[in-house]
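Just so you know, residue 1 is the first one in the sequence shown, and it goes up from there.
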Amino acid sequence: MTQIPFSQSHHWLALMIGNSRLHWGYFQGETLQKSWDTPHLTNEIITLTIPDHLLIPEVPNHLPVYLASVVPSQTTLWQKYPNLSLITLDQIPLEKLYPTMGIDRALAVLGSGETYGFPCLVIDAGTALTITGVNSDRTLVGGAILPGFKLQLQVLATQTAALPQTFLPPNLPPRWGTTTLESIQSGIIYTILAGIEAFIQDWLQSFPDSKILLTGGDSIILSTYFLPKNRYLEQILYQDKNLIFWGLQSVISKQIKM
Ligand SMILES: Nc1ncnc2c1ncn2[C@@H]1O[C@H](COP(=O)(O)OP(=O)(O)OP(=O)(O)O)[C@@H](O)[C@H]1O
Ligand SMILES: CC(C)(CO)[C@@H](O)C(=O)NCCC(=O)O
Ligand SMILES: [K+]
């Protein structure tokens, strides 16, 4: 994997491989022009044709790809792609990251700090739901990992006889469910919300000036559920689906003179 001189092209792709799907960002210089998601790859990739509907003009087929991944089997499929740079934990300018920490968490909390300021707490509602806090010295304080909303719903449906597959309702369901569906929704949603609130309150005791960022595939629905119950957090709580891209942009712009 070779480092691409950035001057070759101002067009580049950020690719975050998550556990559910691929998250793409198309950048011109430091500007994120578009972002989109696709399913995991099934075959090795050698050239990359950008879908027409993304309306990216004149994009070459070997656009530089800056790849961060938490799925090793997907990373392998990129080995023969000519313009690939793999972003790994050692390139993240944060202190005390531990060796097995997910690069998505490190990038999201870096992107959050660079954009909204340090200290910051990131709540990433993806396949897994992660909580990651960094202080004003850009040092990892720590975090937590639990099954995400969809995974919790799925596991109840697949590991029990009587419980059906359940969806996330568009608005907060009643706490006291009177049907199976409502009871599952209530159980998962209210316990996740209570857990998140407890982590935030604990964090704010140590870092009262911290911003709190919600990101990940379920972050919009999470803020819909969470904000009306926690109006006191309104001034410090933000939803931003692009935190990982801001983190990648920060790492890459420091490696390469734009
Ligand atoms: N089109 C979609 N495809 C898959 N998941 C989706 C989609 N839209 C929303 N989601 C939600 O996004 C969640 C997955 O989040 P995200 O895409 O951030 O996960 P991911 O790619 O696995 O990343 P991570 O590794 O951070 O978990 C799922 O729980 C699902 O409910
Ligand atoms: C927790 C996930 C799955 C979230 O995508 C990812 O960040 C990961 O694989 N992390 C490795 C373990 C850790 O972060 O401690
Ligand atoms: K695993």
Side-chain angles (χ1 to χ4, degrees), residues 1-41 43-51 54-94 97 99-115 122 124 126-127 130 132 134 138 213 215-217 240-258:
M1 290 174 198
T2 49
Q3 189 69 57
I4 314 305
F6 207 83
S7 54
Q8 262 184 13
S9 169
H10 254 59
H11 303 246
W12 57 282
L13 288 172
L15 173 58
M16 177 71 232
I17 303 182
N19 278 294
S20 301
R21 47 189 179 153
L22 310 183
H23 309 285
W24 300 84
Y26 168 59
F27 282 83
Q28 276 178 299
E30 297 196 30
T31 309
L32 176 63
Q33 297 289 7
K34 288 173 198 300
S35 64
W36 66 99
D37 302 311
T38 61
H40 279 166
L41 294 177
N43 294 307
E44 213 171 14
I45 190 154
I46 294 159
T47 60
L48 186 62
T49 308
I50 306 297
L54 292 166
L55 300 171
I56 300 171
E58 311 291 323
V59 172
N61 275 346
H62 284 140
L63 203 61
V65 171
Y66 291 83
L67 172 67
S69 173
V70 293
V71 186
S73 61
Q74 283 287 306
T75 316
T76 305
L77 301 177
W78 284 86
Q79 270 167 356
K80 291 198 180 132
Y81 185 78
N83 280 3
L84 186 77
S85 301
L86 190 63
I87 305 299
T88 47
L89 218 50
D90 53 298
Q91 298 166 55
I92 309 297
L94 296 173
L97 300 181
T100 60
M101 185 175 182
I103 186 75
D104 54 344
R105 299 178 62 198
L107 283 167
V109 80
L110 174 68
S112 170
E114 294 285 10
T115 311
V122 172
D124 186 340
T127 312
T130 61
T132 311
V134 166
R138 296 174 180 246
L213 270 296
T215 195
D240 185 337
K241 69 181 167 91
N242 291 321
L243 290 183
I244 287 175
F245 294 140
W246 308 145
L248 275 168
Q249 186 239 55
S250 162
V251 169
I252 289 156
S253 67
K254 283 183 182 110
Q255 285 178 3
I256 298 146
K257 186 92 199 77
M258 296 223 178

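Applying the side-chain contact (heavy atoms from CB on, under 4.5 Å) test to T115 and every residue at least two apart in sequence or in another chain returns W246. Remark: T88 engages D90, Q91 in a side chain to side chain donor-acceptor pair (under 3.5 Å) (not counting sequence neighbours). In this structure, the salt bridge (Lys or Arg N to Asp or Glu O under 4.0 Å) partners of K80, at least two apart in sequence or on a different chain, are E44.
Annotation: side chain of Q255 is not in contact with side chain of S85 (no heavy-atom distance under 4.5 Å). Contact of the Q74 side chain with the L41 side chain is registered, since non-hydrogen atoms from C-beta on lie closer than 4.5 Å. Contact of the L89 side chain with the M101 side chain is registered, since non-hydrogen atoms from C-beta on lie closer than 4.5 Å. Looking only at side-chain heavy atoms (C-beta outward), V65 and N83 stay at 4.5 Å or farther from each other. Side-chain contact between L48 and L13 is present, with heavy atoms from C-beta onward closer than 4.5 Å.
Between D104 and M16, the shortest heavy-atom distance links the atoms CB-CE, 3.5 Å. Residues P64 and H11 share a closest heavy-atom pair of CD-O, 3.4 Å. Between L248 and A14, the closest heavy-atom pair is CD1-CB, 3.6 Å. Considering every non-hydrogen atom in both P93 and V251, the closest pair reads CD-CG2, 4.2 Å. F245 and G25 make their closest contact through CZ-N, 3.5 Å (heavy atoms, listed as atom of the first residue, atom of the second, distance).
For the atom pair CG (L107) and CD1 (I244), the distance works out to 6.5 Å, reported to the nearest 0.5 Å. In this structure, OH on Y66 lies 6.0 Å from CD1 on I252, to the nearest 0.5 angstrom. Remark: L77 CG to S69 OG distance equals 9.5 Å, nearest 0.5 Å.
Of the residues listed (I92, L97, L86, L67), the one engaging I103 in a side-chain contact (heavy atoms from CB on, under 4.5 Å) is I92, and it is the only one.
Ring geometry, W12 versus F27: the interplanar angle falls under 30°, so the pair is classed parallel (tilted spans 30 to 60°).
Looking only at distances, a side-chain donor or acceptor of Q249 sits under 3.5 Å from a matching main-chain atom of E30.
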